[in-house]
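First up is the structure itself, then whatever we jot down about it.
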Protein chains: 2
Amino acid sequence: MNCLAHRFDHPTADMLYHDIQKIYPKISLGTVYRNLNLLSDMGMIQRFSTGDGNEHYDANTQPHYHFVCRECGAVHDIHVEMRSRIISEVAPYVDGKIDSAATFFYGKCGSCLNSKEIENNQPVSE
Amino acid sequence: MNCLAHRFDHPTADMLYHDIQKIYPKISLGTVYRNLNLLSDMGMIQRFSTGDGNEHYDANTQPHYHFVCRECGAVHDIHVEMRSRIISEVAPYVDGKIDSAATFFYGKCGSCLNSKEIENNQPVSE
DNA sequence: GTCCCTGCAAATCCTTTGCACTCCT
DNA sequence: AGGAGTGCAAAGGATTTGCAGGGAC
């Protein structure tokens with residue numbers, strides 16, 4: 001199961017389900033959810049929601065930034081060193097104990113920008 | 001409608017619904033959702049999900065940090081200046097165009113920590 | 001009358017759960 | 001036999017949607 005989560009970007013349970021089906025055709029969605037939750041409870045994968053109504057899963061448990069495309073819903077890692085001190089800097093201002101942080105950047109991804117350009121250019125070039 | 005969202009912390013649609021009912025007893029949940037989505041589409045309120053399965057709404061549209069208690073689900077603002085340059089710093093590493101950012105800190109809030117202390121102390125003091 | 005916004009209820013989507021079954025020891 | 005993990009289908013929650021009604025112009 002774990003090896004499946006290892007494979008690519010930041011799939012939803014349903015995306016993973018379809019993907020796993022190619023290898024285990026009889027697997028059920030319930031099992032996928034069950035194992036995904038098991039793994040994230042054990043801390044072996046990260047689980048988060050981007051606002052698109054689905055839970056996403058990430059095999060990379062290192063703290064890192066995410067970029068979410070509002071148009072196509074794609075989620076990409078951002079390859080920048082995350083400020084590791086951010087938690088200790090913010091902690092004094094919080095009534096409670098912080099144990100993790102997540103930051104998301106929202107916008108429009110490269111391919112969505114491109115496809116829009118194409119759309120816009122075609123009527124012009126005709 | 002807007003004045004309602006202005007009132008307090010980071011309610012879910014359902015919390016707001018119950019709250020609005022006190023003033024407009026006949027309002028329906030569908031209307032609450034409709035208007036909340038309208039307002040957030042117009043950029044007058046912020047909408048985000050914390051991982052508890054609900055959408056939360058925030059009348060404060062200024063970028064700021066959020067603290068989410070994993071135990072009781074409460075969401076609090078963190079009164080620290082958010083690094084405004086973070087988007088421009090990260091932008092070069094993203095294939096696309098960032099237009100907003102959100103960062104969440106997860107942990108256990110003060111009151112949940114306290115109630116746990118009390119629980120733990122009682123058996124000892126008996 | 002027309003338009004816009006609403007209440008209501010049904011529909012939808014994602015996720016969780018209960019139960020019976022299989023597989024392995 | 002006993003336990004763990006699974007498929008399947010039903011249940012559960014949150015959010016969205018379709019439609020008819022009501023008020024303002």
Side-chain angles (χ1 to χ4, degrees), chain A residues 1-6 8-59 66 68-75 102 104 106, chain B residues 1-6 8-59 66 68-75 102 104 106:
Chain A
M1 288 292 137
N2 203 356
C3 66
L4 296 164
H6 260 303
F8 47 78
D9 41 337
H10 308 269
T12 63
D14 194 65
M15 289 159 71
L16 268 176
Y17 170 56
H18 284 107
D19 221 65
I20 298 172
Q21 270 190 324
K22 294 175 194 160
I23 305 173
Y24 302 95
K26 302 200 313 174
I27 200 158
S28 77
L29 196 50
T31 302
V32 173
Y33 274 107
R34 253 186 300 240
N35 286 307
L36 249 17
N37 283 343
L38 259 175
L39 289 170
S40 71
D41 286 348
M42 298 181 345
M44 305 191 64
I45 61 176
Q46 251 189 75
R47 170 186 174 168
F48 58 87
S49 64
T50 62
D52 66 349
N54 297 344
E55 298 292 316
H56 292 252
Y57 298 88
D58 188 350
H66 287 113
V68 179
C69 176
R70 280 218 172 84
E71 195 140 318
C72 66
V75 183
F104 301 96
Y106 295 93
Chain B
M1 287 295 136
N2 202 357
C3 67
L4 296 162
H6 260 302
F8 47 78
D9 41 336
H10 308 272
T12 63
D14 194 65
M15 289 158 73
L16 268 177
Y17 169 56
H18 285 108
D19 221 65
I20 297 172
Q21 270 189 324
K22 293 173 193 159
I23 306 171
Y24 303 95
K26 302 200 312 174
I27 199 158
S28 76
L29 194 51
T31 302
V32 174
Y33 274 108
R34 253 186 301 237
N35 287 309
L36 249 18
N37 284 343
L38 258 176
L39 288 170
S40 72
D41 285 348
M42 297 181 345
M44 307 191 62
I45 61 175
Q46 251 189 75
R47 171 186 174 168
F48 58 87
S49 65
T50 63
D52 67 349
N54 297 344
E55 298 291 317
H56 293 252
Y57 298 88
D58 187 351
H66 287 113
V68 179
C69 176
R70 280 219 173 81
E71 195 140 319
C72 66
V75 183
F104 301 96
Y106 295 92

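Predicted model, so just to flag it, every value in this text is computed and none were measured. These values consider heavy atoms only, across backbone and side chains, with no hydrogens, waters or symmetry-generated copies. In what follows, chains are A, B, ... by sequence order, proteins preceding strands, each numbered from 1.
- A straight line from OH of A/Tyr17 to C1' of C/dT16 spans 15 Å, rounded to a whole angstrom.
- The two residues A/Ile45 and A/Ala59 come nearest to each other via the heavy atoms CG2-CA, 4.1 Å.
- Residues satisfying the side chain to side chain contact (heavy atoms under 4.5 Å, CB included) test with A/Tyr106, not counting sequence neighbours, are A/Val68, A/Arg70, A/Phe104, B/Asp99, B/Ser100, B/Ala102.
- Pairs engaging residues 31-42 of chain A under the salt bridge (charged side-chain N to carboxylate O under 4.0 Å, His left out) rule: none recorded [sequence neighbours left out].
- Judged as a side chain to side chain donor-acceptor pair (under 3.5 Å), and not counting sequence neighbours, the contacts of B/Tyr17 are B/Gln21.
- Separating the CG atom in B/Asn35 from the CD1 atom in B/Ile27 is a distance of 7.0 Å, to the nearest 0.5 Å.
- When the P atom of D/dT15 is taken as reference, atom CG of B/Asp52 falls 9 Å away, rounded to whole Å.
- Remark: B/Lys22 pairs with B/Asp19 by the salt bridge (Lys or Arg N to Asp or Glu O under 4.0 Å) rule, at least two apart or across chains.
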Enumerate all atom pairs, one protein N or O and one N or O from nucleotides 12-15 of chain C, separated by less than 3.5 Å.
residue	atom	partner	partner atom	Å
C/dT15	OP1	A/Glu55	N	2.6
C/dT15	OP2	A/Tyr33	OH	2.2
C/dT15	O5'	A/Tyr33	OH	3.2

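- The two residues A/Thr12 and A/Tyr57 make their nearest non-hydrogen contact at C-CD1, 4.4 Å.
- Listed here is the closest heavy atom pair of B/Ala13 and B/Leu29: O-CD1, 4.4 Å.
- Every residue meeting the side chain to side chain donor-acceptor pair (under 3.5 Å) condition with A/Asp52, not counting sequence neighbours, appears here in chain and number order: A/Thr50, A/His56.
- Remark: DNA chain D forms stems of 3 or more consecutive Watson-Crick or G-U wobble pairs, all pair distances under 3.5 Å, at C:1-25 with D:1-25.
- Of the side-chain N and O atoms in B/Thr31, one or more sit less than 4.0 angstrom from OP1 or OP2 of C/dG7.
- Residues meeting the side chain to side chain donor-acceptor pair (under 3.5 Å) test with B/Arg47, sequence neighbours left out: B/Asn37, B/Glu55.
- Residues B/Asp14 and B/Asn54 form no side-chain contact, since every pair of their non-hydrogen atoms from C-beta on lies 4.5 Å or further apart.
- Under the side chain to side chain donor-acceptor pair (under 3.5 Å) criterion, A/Ser49 pairs with B/Ser49, sequence neighbours left out.
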Does the protein touch nucleotides 20-25 of chain C at the base, only the backbone, or not at all? Give it as B, S and - per nucleotide, heavy atoms under 4.0 Å. ------

Between the protein and nucleotides 18-23 of chain D, list every N/O to N/O distance that falls short of 3.5 Å.
residue	atom	partner	partner atom	Å
D/dG18	O6	B/Arg34	NH1	3.3

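- Contact between A/Val75 and A/His10 at its shortest, heavy atoms only, is O-CD2, 3.0 Å.
- In this structure, CD1 of A/Ile27 is placed 11 Å from C1' of D/dG5, rounded to the nearest angstrom.
- Atom CG in B/Asn35 sits roughly 15 Å away from atom C1' in D/dT17 (whole-Å rounding).
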